[in-house]
There are 2 protein chains.
Amino acid sequence: MSPDTAPRPRMTRQRREILDALDTRDFRSAQSWHERLRSDGSTVGLATVYRALQALVDSGDVDSVVSESGETLYRRCEAGEEHHHHLRCRVCGKAVEIDVPEFEEFARHIGDAHGYGDIRHTIELTGVCPECAAAGRG
Amino acid sequence: MSPDTAPRPRMTRQRREILDALDTRDFRSAQSWHERLRSDGSTVGLATVYRALQALVDSGDVDSVVSESGETLYRRCEAGEEHHHHLRCRVCGKAVEIDVPEFEEFARHIGDAHGYGDIRHTIELTGVCPECAAAGRG
DNA sequence: CCCACTATTGATAATGATTGTCGAAATCAG
DNA sequence: CTGATTTCGACAATCATTATCAATAGTGGG
Ligand SMILES: [Zn+2]
Ligand SMILES: [Zn+2]
Ligand SMILES: [Zn+2]
Ligand SMILES: [Zn+2]
């Protein structure tokens with residue numbers, strides 16, 4: 001019942017650094033982003049990176065996918081909040097955004113046909129990017 | 001250099017029990033299958049359940065998917081080794097097999113267009129099944 | 001500019017799923 | 001039946017992620 005004043009987030013040095021690091025276009029784990037930040041001179045803590053990434057996912061500024069091994073990978077996307085999917089390199093994480101026009105409607109139909117509600121879908125393509133293939137990392 | 005004789009797996013009481021338990025049609029975590037086995041009177045160990053499920057996935061007899069939370073879920077499918085996808089209840093795990101006709105070819109095209117090789121794809125639909133919705137578990 | 005009030009940080013402990021270890025028990029070919 | 005090997009299972013170890021909590025640092029007012 002309390003007015004519940006919106007708690008506006010503070011702009012801290014750590015959050016600036018994390019946003020800056022996310023400037024690239026790869027899917028990486030929280031730990032990987034943390035390593036990169038540290039190697040770039042930041043002293044940000046791991047827990048802070050996890051918290052910031054989670055917040056960014058919630059606000060729609062960052063996309064996350066769960067890898068085959070169960071790790072969560074994060075990436076700042078070009079499409080903003082718009083719904084889209086990815087073709088991601090399994091080796092280096094580099095991703096391009098794709099869309100699957102026919103599928104969005106198809107998913108709803110399938111759900112209806114089986115009486116399932118609140119349908120969500122996951123579509124991810126993975127492969128080995130040209131660079132990784134050339135480097136024999138495939 | 002050694003002939004490397006194919007080591008055929010032994011049929012143990014535990015493996016029989018696990019295969020029997022998997023007779024149902026839900027996606028469940030290894031821990032969940034283990035609980036069910038124990039509550040049905042089995043004394044099988046958790047590690048054994050993990051090992052058996054992994055082996056069954058490798059042999060193509062069981063499907064696995066990684067849930068949103070990163071848990072791996074297992075299910076014996078009707079389609080055998082054939083490639084297919086699922087519509088799964090996020091609450092109880094019940095799943096139906098679906099196919100996504102045009103997508104298989106589409107995936108390859110997208111991969112080629114971006115120079116990515118060894119393309120794999122994941123398509124999973126999740127929702128709340130009629131039973132779970134009726135029970136207010138949605 | 002200084003203070004007080006909190007949100008945030010970060011080192012570390014805790015959690016939870018999964019995998020590794022290793023002596024004991026069980027399978028199965030001979 | 002018997003011995004060589006596989007498999008079991010209790011438990012420790014690992015790995016990603018989350019919770020703790022005292023210390024630190026934005027922010028808004030004076
Ligand atoms: Zn790559
Ligand atoms: Zn979509
Ligand atoms: Zn259900
Ligand atoms: Zn497919």
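Letters A, B, ... are given to chains in the order of the sequence lines, protein chains preceding strands, and every chain is numbered from 1.
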Which ones in residues 59-69 of chain B lie close to DNA chain C, meaning a heavy atom under 4.0 Å from one of its atoms?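 Listed by number, there are none.
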
Contacting residues from residues 23-38 of chain A, given that a heavy atom lies under 4.0 angstrom of DNA chain C: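 Residues of residues 23-38 of chain A that come under 4.0 Å of DNA chain C do not exist, since none gets that close.
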
Mind calculating the distance between [atom1] ([X]) and [atom2] ([N]) to the nearest angstrom?
X: A/Glu17; N: D/dA25; atom1: CD; atom2: C1'; result: 14 Å
X: A/Arg15; N: D/dG26; atom1: CZ; atom2: C1'; result: 10 Å
X: A/Glu71; N: C/dG16; atom1: CD; atom2: C1'; result: 16 Å

Classify every nucleotide of nucleotides 18-24 of chain D by which part a protein heavy atom approaches to under 4.0 Å, writing B for the base, S for the sugar-phosphate alone and - for neither, in 5'-to-3' order. BBB----

B/S/- contact track for nucleotides 24-30 of chain C, protein heavy atom under 4.0 Å: --BBS--

Hey, which sits more toward the 5' end of DNA chain C by its nearest nucleotide, A/Gln14 or B/Gly70?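 Here A/Gln14 is the residue nearer the 5' end.
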
Just by distance, with hydrogens left out, do [X] and [Y] show a side-chain donor and acceptor under 3.5 Å apart?
X: A/Glu104; Y: A/His121; answer: yes
X: A/Arg88; Y: A/Thr126; answer: no
X: B/Thr24; Y: B/Asp26; answer: no
X: B/His84; Y: B/Asp63; answer: yes
X: A/Ser42; Y: A/Glu17; answer: yes

Does the distance from a Lys or Arg side-chain N to an Asp or Glu carboxylate O, for B/Glu124 and B/Arg90, drop under 4.0 Å?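 The answer is no: the pair does not qualify as a salt bridge.
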
I'd like to know if A/Glu35 and A/Arg38 make a salt bridge, using a cut-off of under 4.0 Å between side-chain N and carboxylate O.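 No, this pair does not count.
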
Evaluate whether atom CD of B/Glu82 has more than 12 neighbouring non-hydrogen atoms of other residues, nucleotides or ligands under 6.0 angstrom away.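 It does not: B/Glu82 CD has 12 such atoms or fewer within range.
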
Output the distance between atom CZ (B/Arg75) and atom CD (B/Glu78), rounded to the nearest 0.5 Å.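 With rounding to 0.5 Å, CZ (B/Arg75) is 6.0 Å from CD (B/Glu78).
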
Which residues pass the ring pair (Phe, Tyr, Trp, His ring centres under 6.0 Å) test with A/Phe27, not counting sequence neighbours?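 Applying ring pair (Phe, Tyr, Trp, His ring centres under 6.0 Å) to A/Phe27 gives A/His86.
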
Five pairs per end, C1' atoms only: what is the angle between the end axes of the helix from C/dC1-D/dG30 to C/dG30-D/dC1, to 10 degrees?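 If I round to tens, the end axes sit 30° apart.
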
Is any side-chain N or O of A/Thr72 closer than 4.0 Å to OP1 or OP2 of D/dT17?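 The answer is yes; a side-chain N or O of A/Thr72 sits under 4.0 Å from OP1 or OP2.
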
